[in-house]
2 protein chains.
Amino acid sequence: MPLELNTLNNPTHLAAVTTADKVYEQLLHQIVNGVIAPGSKISEPELSKKFEISRSTLREALNRLEKCHLIERKANVGSRVVDCSIEGLLELYITREALEGMACRQAAMNMTDEEILSMKQMLKDHSNQQDLKDGISYYQEEGDVDFHYKVILGSHNQQLINIICGQLYHLVRMYRIQFGMKSSRAKRAFEEHSQIIQAIADRDGELAELLMRRHIAASRKNIERKITEQT
Amino acid sequence: MPLELNTLNNPTHLAAVTTADKVYEQLLHQIVNGVIAPGSKISEPELSKKFEISRSTLREALNRLEKCHLIERKANVGSRVVDCSIEGLLELYITREALEGMACRQAAMNMTDEEILSMKQMLKDHSNQQDLKDGISYYQEEGDVDFHYKVILGSHNQQLINIICGQLYHLVRMYRIQFGMKSSRAKRAFEEHSQIIQAIADRDGELAELLMRRHIAASRKNIERKITEQT
DNA sequence: AACAACCATATTGTCGACAATTTTTTGTTG
DNA sequence: CAACAAAAAATTGTCGACAATATGGTTGTT
């Protein structure tokens, strides 16, 4: 069963209580999934009518979207959804490499034995799924997300967790959808996941970080290659 | 001339135009400098009276403080200034190590020759100051901040710049003031800065990242040592 | 026809009041 | 006196209206 993504954005792991929360979640979903196009302007009067809420609570929701860098605001002008450029995507992966690499090192140091066991079990489940689906994207996508999330949480470093899960990953998902990235290296990625878990289980932080960085860098280079092929 | 810190938090590098901006800047200053104590509750009615503004615009300012992780909000309960724990400080330095290390690698790849020249000049100025002040804290502190900022900006990676300058560094400053950290290794740090700039000038990203990580790790271990001595 | 200044319109920023929720106080009971 | 329940006060969330600023079109001049 895949992790519920929204829980990771909510520090207290509680359901959205206020209406601004709910509107935020809906807008988050719509932006990430491209229902609201990247780069498009956000009209406060229009949206507040559509959601049947006041502008105040809409602005509250917009502020949270701004926290995840999904929208940008200029004073006295308004908000726009961020637009997805290739440069932005590569910058994002560079940042992931740094943060998740370190998170992986910390995970090797700080994960409990139970957490490690749980990850190994997850990987076994994925391997069965992979036999069935033979590298087809959807489950592998979720599996990939699950894997990375567990490593990040395993770091037990609240700073890293907040930055990666709270803001970066929404952008990552948005980019994945915008560029229609279907992880053409599912099998290879799965093997890399195995190696990383092994390094964590061995409590080898140095190796764990190195492998995670290579894993993300490989994904980035894969994207770069595809992009340059297209042109 | 030291960098104007606030400009780095403002993406457009423009002065605060709206009143919420100004209140945000004042509150930022007060929190970072401990005028408002860490862990203390923030009363919206009280603050809005003190600043003679409405609660709406105060809440706007609070939202920006939340973006920098300087305050935390719970629904229907209110906001608190984050409190400074030793674990939090160490987590922050771990995160810095990852992000600034990568920023340094990117800086070695992406800085212009002019930017590198400017950094070398800055270091020369610092060295003169150091001869005069003989390792006394204040100027060295600002110099340290300047150095790190220039490297980060030199990465030319907007993601890294936003995360580090836009949010992490306010927390770093707050911690420095709360724990009264006076950089007892000024001379050593200056030498490390020199080595890092040399690696950047040589366009050796690998070494540049390694050195920056060691530089920050050394600072972290220095803190850990002090803390454990005290107990 | 091209450009500048101006005006009308629309959008964002700010305000004060009301509703919903939490926290504190008070009162009752064992 | 302690413990629990209920009411009161205070705080946060939400709303609609007004003020300040930007946008787009119009008009007038060269």
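In the text below, chain A, chain B and the rest are named by the order of the sequence lines, each starting its count at 1. For the numbers below, each heavy atom of this structure counts, side chains included, while hydrogens, waters and symmetry mates do not.
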Between [atom2] on [N] and [atom1] on [X], what's the gap in Å once rounded to a whole number?
X: Arg80(B); N: dT22(C); atom1: CZ; atom2: C1'; answer: 14 Å
X: Phe51(B); N: dT14(C); atom1: CZ; atom2: C1'; answer: 16 Å
X: Asn76(B); N: dA10(D); atom1: CG; atom2: C1'; answer: 13 Å
X: Tyr24(A); N: dG13(D); atom1: OH; atom2: P; answer: 16 Å
X: Arg73(A); N: dT12(C); atom1: CZ; atom2: C1'; answer: 9 Å
X: Glu44(A); N: dG13(C); atom1: CD; atom2: C1'; answer: 9 Å
X: Lys74(A); N: dT11(C); atom1: NZ; atom2: C1'; answer: 15 Å
X: Lys22(B); N: dA20(D); atom1: NZ; atom2: C1'; answer: 12 Å

Find out whether [X] and [Y] are in side-chain contact, i.e. whether some heavy atom of one side chain is under 4.5 Å from a heavy atom of the other.
X: Leu47(A); Y: Leu27(A); value: yes
X: Ser79(A); Y: Glu72(A); value: no
X: Glu224(A); Y: Leu90(A); value: yes
X: Pro38(B); Y: Met174(B); value: yes

If you restrict it to nitrogen or oxygen atoms, what contacts under 3.5 Å exist between nucleotides 16-18 of chain D and the protein, and what is each distance?
unit_1: dG16(D); atom_1: O6; unit_2: Ser56(A); atom_2: OG; d: 3.4

>> Under 4.0 Å, heavy atom to any atom of DNA chain C: which of residues 58-65 of chain A qualify?
In response: Arg59(A)
>> According to side chain to side chain contact (heavy atoms under 4.5 Å, CB included), who are the partners of Gln121(A), at least two apart in sequence or on a separate chain?
In response: Lys124(A), Asp125(A)
> Counting heavy atoms not belonging to Lys41(A), are there more than 12 under 6.0 Å from its NZ?
Replying inline: yes
> Considering only dT14(C), dT22(C), dG13(D), which nucleotide approaches the side chain of Val77(B) most closely?
Replying inline: dT22(C)
> Which nucleotide sits closest to the side chain of Thr57(A): dG13(D), dC15(D), dG13(C)?
Replying inline: dC15(D)
> Would you say Glu66(A)'s side chain and Ile71(A)'s backbone share a donor-acceptor pair under 3.5 angstrom?
Replying inline: no
Please determine if a side-chain N or O atom of [X] lies less than 4.0 Å away from the OP1 or OP2 oxygen of [N].
X: Lys41(B); N: dT22(C); answer: no
X: Thr18(A); N: dT12(D); answer: no
X: Thr19(B); N: dG13(C); answer: no

> Does Lys150(A) pair with Glu115(A) as a salt bridge, N-O distance under 4.0 Å?
Replying inline: no
> Taking the six-membered ring where the residue is Trp, are the ring centres of His148(A) and His193(A) under 6.0 Å apart?
Replying inline: yes
